[in-house]
Amino acid sequence: MPFGNIGIPGLILIIILALIIFGPSKLPELGRAAGSTLKEFKNATKDLISTDKETNKDQK
């Protein structure tokens, strides 16, 4: 099941469940943690791509 078909009611349900499970005081902390994780993943992916391009460039 792809995530592109969640829709507005699904998003509202997810937000309500997150508020119930984690509470409003923990949500900003969880958001920051998720954002920093995505940022690290993005940087690591860019590094791997640039390293791969340099390696292929040197081999030609």
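The figures here come from the full heavy-atom set of this structure, side chains too, leaving out hydrogens, waters and symmetry mates.
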Trainee: Restricting to side-chain contact (heavy atoms from CB on, under 4.5 Å), what partner residues turn up for Leu30, sequence neighbours left out?
Mentor: Phe22, Leu27
Trainee: In this structure, would Leu11 and Leu17 fall into the same cluster of hydrophobic residues linked by side-chain contacts under 4.5 Å?
Mentor: no
Trainee: Tell me whether Ile14 is reachable from Ile16 by hopping between hydrophobic residues (I, L, V, M, F, W, Y) whose side-chain heavy atoms are closer than 4.5 Å.
Mentor: no
Trainee: More than 12 heavy atoms of other residues, nucleotides or ligands under 6.0 Å from CD1 of Ile8: yes or no?
Mentor: no
Trainee: With rounding to the nearest 0.5 Å, note down the distance linking CG in Asn43 to CG in Leu48.
Mentor: 11.0 Å
